[in-house]
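Report on one structure; see the data block that follows.
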Amino acid sequence: MDKPIYQKITEETSLFNDLRNRVKNRVASISEDRDVSIRWKAVIMPLFYIGLYFGALLSVQNPLWYIMLFALMGILLVLIYLNLIHEAAHNNIFKNKRLNTVVLRFFDFVGANSYIWKKRHIVSHHAYPNVDGWDTDIEQSGLLKIYPHIPPRGIQKIQHRIFFLIYPFYLFNWMFIRDFRDFFDKNRIILKTQDAIPLNEKIKMIIFKLFYFFYQIAVPVLFFEASLRLALGAWFLQIMVASIFALFVLLPLHPLPENEFPRLDENKNLPYSWMRHQFEVTNDLKENNWFVRHILGNFNYHVAHHLFPNYSYAYYDEITEEIKEFAQENNLNYKRFSMFTALGKHYQLLKSNATSISEVMEETM
C-alpha cells in the first residue's frame with residue numbers, strides 16, 4: 001500500500017539540517033554521563049514494580065494494604081513506560097540494542113505487547129503523527145471522535161459529556177482489544193506500515209498475556225489465599241489508576257484544537273514537509289521542574305522528541321532551547337501550553353468534534 005508523502009521543500013530541508021547541526025553541537029557540549037541515571041532506572045524501576053507485587057502478596061491478609069500496593073503498581077507502570085519503555089523503543093538507554101530490547105520486553109511482563117507497540121510507535125505514530133488512517137496512537141474508534149473532519153456518529157455526539165467514563169478504561173482496551181485486533185484484524189492501521197506479523201510473535205503475545213493474568217490474579221488466589229473478589233478488585237484498580245495517569249500525561253501533547261490533523265490529497269500527498277509537519281501537529285508543555293524531568297521522563301518536551309527521537313530525554317531541555325530559538329527565527333509554529341490549559345483544550349476538541357456550531361453556542365450562552 002502506498003504511504004503518505006511529505007512535501008519536498010528544499011529550503012525547509014536546508015533549515016532542518018541547520019537545526020540538526022545546532023542540536024548536535026549543543027548536545028556535544030554536555031557531559032556524556034548526563035543520561036546515566038536512565039540506565040540505573042532500567043534496573044531499579046522494574047525491581048521496584050516486582051517488589052510492590054511481592055509486598056502485596058505478603059500482605060494479602062490486610063486487604064487495604066494489598067489494594068494500595070496494587071494501585072501504586074499502576075502509577076509505577078506509567079512511570080516505567082515514560083522513562084524506560086519509550087526510550088528503549090528508540091534505543092536511547094543503552095548503546096547495545098540488545099540491552100534496549102531486554103528493557104522493552106518488560107512491557108510484555110506488565111500486560112502489553114512490546115513487539116506491536118514498537119511497530120505502532122515507530123513506523124506509524126512517529127512517521128505520520130495526527131494523520132487519519134496512519135497514526136495508530138489516535139486510531140479512530142467507535143466511542144470517541146478525535147479527527148475534526150469526520151462526522152460524529154451515535155455516542156460520539158455526546159462524547160464531551162461522557163469521556164470521563166471512557167478514559168479510565170484506556171488500558172483495559174489496550175490489553176483486551178487493541179493488541180489482539182492489531183495482531184489479527186486485517187483492517188488495522190498497523191498492517192499498512194509493515195508486512196504480515198510473524199506467527200511466533202502472535203504465539204508470544206498470547207503466552208505473555210496468559211502469564212500476566214496468571215501472576216496478577218491467579219497466583220494471589222491459588223497460593224496466597226486472597227479472595228477472588230480482592231484479587232480482581234485490586235488488579236482492576238491498578239489498571240484504572242494507570243489509565244487515568246497515562247492519559248493525564250499523554251493527552252496534552254497531540255489531540256488539541258491548536259494542533260493540525262493534516263489530510264491527504266487524492267495522490268496521498270501531505271500538505272507540509274516532514275519538519276514543518278512535526279511543528280504543526282505537536283506541542284510542548286510549560287511545566288519544567290525536577291519531578292517532570294526525572295520522574296516523568298521529560299514528557300513535556302514533545303516537539304524535541306518528534307524532531308530528534310534518537311536523543312535521550314535527558315538532553316531535551318537544551319535541545320528545546322535550540323528548537324524555540326530556531327522556530328522564532330524561521331517563523332515556525334512552536335506551541336507550548338501549561339498542562340491544565342492543554343487538558344482543557346483537549347476537552348474543547350472533544351466538544352467541537354461532537355457538536356454543531358449552533359449546539360456549542362446554545363450551551364455556552
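Since this is a predicted model, take the numbers as computed values, not measurements. Values below: all heavy atoms of this structure, side chains included; hydrogens, waters and symmetry mates excluded.
Ring geometry for His121 versus Trp117: interplanar angle under 30°, hence parallel rather than tilted (30 to 60°). Between His305 and His86, the ring-plane angle classifies as tilted under the 30° and 60° cut-offs. Using bins of under 30°, 30° to 60° and over 60° for the plane-to-plane angle, the ring pair Phe184/Phe180 lands in the parallel bin. A parallel orientation is assigned to the rings of Phe16 and Phe308, their planes being inclined by less than 30° (bins at 30° and 60°). Note: Phe109 and Tyr215 have parallel aromatic rings, judged against thresholds of 30 and 60 degrees for the angle between ring planes.
Remark: Arg22 engages Glu329 in a salt bridge, criterion side-chain N to carboxylate O under 4.0 Å. Salt-bridge check for Arg39 with Asp33: failed, with every basic side-chain N at 4.0 Å or more from each acidic carboxylate O.
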**OP:** Under the salt bridge (Lys or Arg N to Asp or Glu O under 4.0 Å) rule, what do Arg120 and Asp179 come out as? Steps first, then yes or no, please.
**Re:** CA-CA 10 Å; Arg120 284 195 297 244; Asp179 281 346; 3.2 Å; yes
**OP:** Could you give me the CA-CA distance, side-chain angles and deciding distance for Asp108 and Lys204, then say whether side-chain contact (heavy atoms from CB on, under 4.5 Å) is met?
**Re:** CA-CA 9 Å; Asp108 300 284; Lys204 283 194 291 185; over 6 Å; no
**OP:** Check step by step if side-chain contact (heavy atoms from CB on, under 4.5 Å) holds for Tyr81 and Phe106.
**Re:** CA-CA 10 Å; Tyr81 168 80; Phe106 193 75; over 6 Å; no
**OP:** Evaluate salt bridge (Lys or Arg N to Asp or Glu O under 4.0 Å) for Arg34 paired with Glu318, printing each intermediate quantity in order.
**Re:** CA-CA 12 Å; Arg34 167 71 74 83; Glu318 290 83 358; 2.7 Å; yes
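Residue Leu210 qualifies as enclosed at atom CG: its count of foreign heavy atoms under 6.0 Å is above 12. Surrounding CG of Asn331 are at most 12 heavy atoms belonging to other residues, nucleotides or ligands under 6.0 Å away.
Between the side chains of Asp137 and His254, no donor-acceptor pair is found at a separation under 3.5 Å. Judged purely by distance below 3.5 Å, without hydrogens or angles, the side chains of Asp135 and His125 pair a donor atom with an acceptor atom. Using modelled atom types and a 3.5 Å distance limit, the side chains of Asn259 and Asn283 yield a donor-acceptor pair.
Within the 4.5 Å cutoff, no side-chain heavy atoms of Gln348 are placed close to those of Glu258. In this structure, the side chains of Trp274 and Leu307 come closer than 4.5 Å at one or more pairs of heavy atoms. Annotation: side chain of Phe94 is in contact with side chain of Val103 (closest heavy-atom distance under 4.5 Å). The shortest distance between side-chain heavy atoms of Pro309 and His126 falls below 4.5 Å. A 4.5 Å side-chain heavy-atom check between Leu270 and Ile5 finds every atom pair outside the cut-off. When side chains are defined from C-beta on, Tyr115 counts as touching Pro198, because their heavy atoms get closer than 4.5 Å. Side-chain contact between Ser124 and Lys119 is absent, with no heavy-atom pair separated by less than 4.5 Å. A heavy-atom distance below 4.5 Å is found between the side chains of Tyr53 and Val219.
Val60 is connected to Ile67 through a chain of hydrophobic side-chain contacts under 4.5 Å among Ile, Leu, Val, Met, Phe, Trp and Tyr, so both are in one cluster. Hydrophobic clustering (side-chain heavy atoms under 4.5 Å, transitive across Ile, Leu, Val, Met, Phe, Trp, Tyr) keeps Tyr170 apart from Ile116. Phe172 and Val78 fall within a single hydrophobic cluster, where Ile, Leu, Val, Met, Phe, Trp and Tyr are joined by side-chain heavy atoms under 4.5 Å apart, directly or via other members. Clustering ILVMFWY residues whenever any of their side-chain heavy atoms sit less than 4.5 angstrom apart, transitively, puts Leu82 in the very cluster that holds Val303. Two different hydrophobic clusters hold Met45 and Val43 under the rule that ILVMFWY side chains link at heavy-atom gaps under 4.5 Å.
Minimum interatomic distance between Lys186 and Leu191 (heavy atoms only, all atoms of both residues): CA-CD1, 3.6 Å. In plain terms, the two heavy atoms of Ala56 and Tyr66 that are nearest each other are O-CD1, 3.0 Å. Contact between Ile93 and Ala88 at its shortest, heavy atoms only, is CD1-N, 3.8 Å. Between His160 and Ala354, the shortest heavy-atom contact is ND1-CB, 3.6 Å. Looking at every heavy atom in both residues, Lys335 comes nearest to Thr282 through NZ-O, 3.4 Å.
The hydrophobic cluster containing Ile207, built from Ile/Leu/Val/Met/Phe/Trp/Tyr side-chain heavy atoms closer than 4.5 Å, also comprises Leu199, Ile203.
Checking side-chain atoms of Asn300 against main-chain N and O of Asp284 turns up no donor-acceptor pair under 3.5 Å. Using a distance-only test at 3.5 Å, with no hydrogens or angles considered, no donor-acceptor pair links the side chain of Ser59 to the main chain of Asn62. Using a distance-only test at 3.5 Å, with no hydrogens or angles considered, a donor-acceptor pair links the side chain of Ser352 to the main chain of Leu349. Between the side chain of Asp265 and the main chain of Asn269, a donor-acceptor pair closer than 3.5 Å is present.
Legend: residues meeting side chain to side chain donor-acceptor pair (under 3.5 Å) with Arg336, ordered by chain and number and at least two apart, are absent.
Note: Phe169 and Phe176 fail the aromatic proximity criterion, with ring centroids not under 6.0 Å apart.
Remark: Gln278 CD to Ile323 CD1 distance equals 10.5 Å, nearest 0.5 Å.
Figure legend: Lys192 and Trp134 shown as a cation-pi pair, the cationic atom lying under 6.0 angstrom from the six-membered ring centre and within 45 degrees of its axis.
Each of Glu260, His277, Gln7 was scored for a side chain to side chain donor-acceptor pair (under 3.5 Å) with Tyr272, with one residue passing: Glu260.
Residues in residues 312-343 take part in these ring-ring contact (aromatic ring centres under 6.0 Å, His included) pairs, two or more places apart or across chains: Phe248-Phe340.
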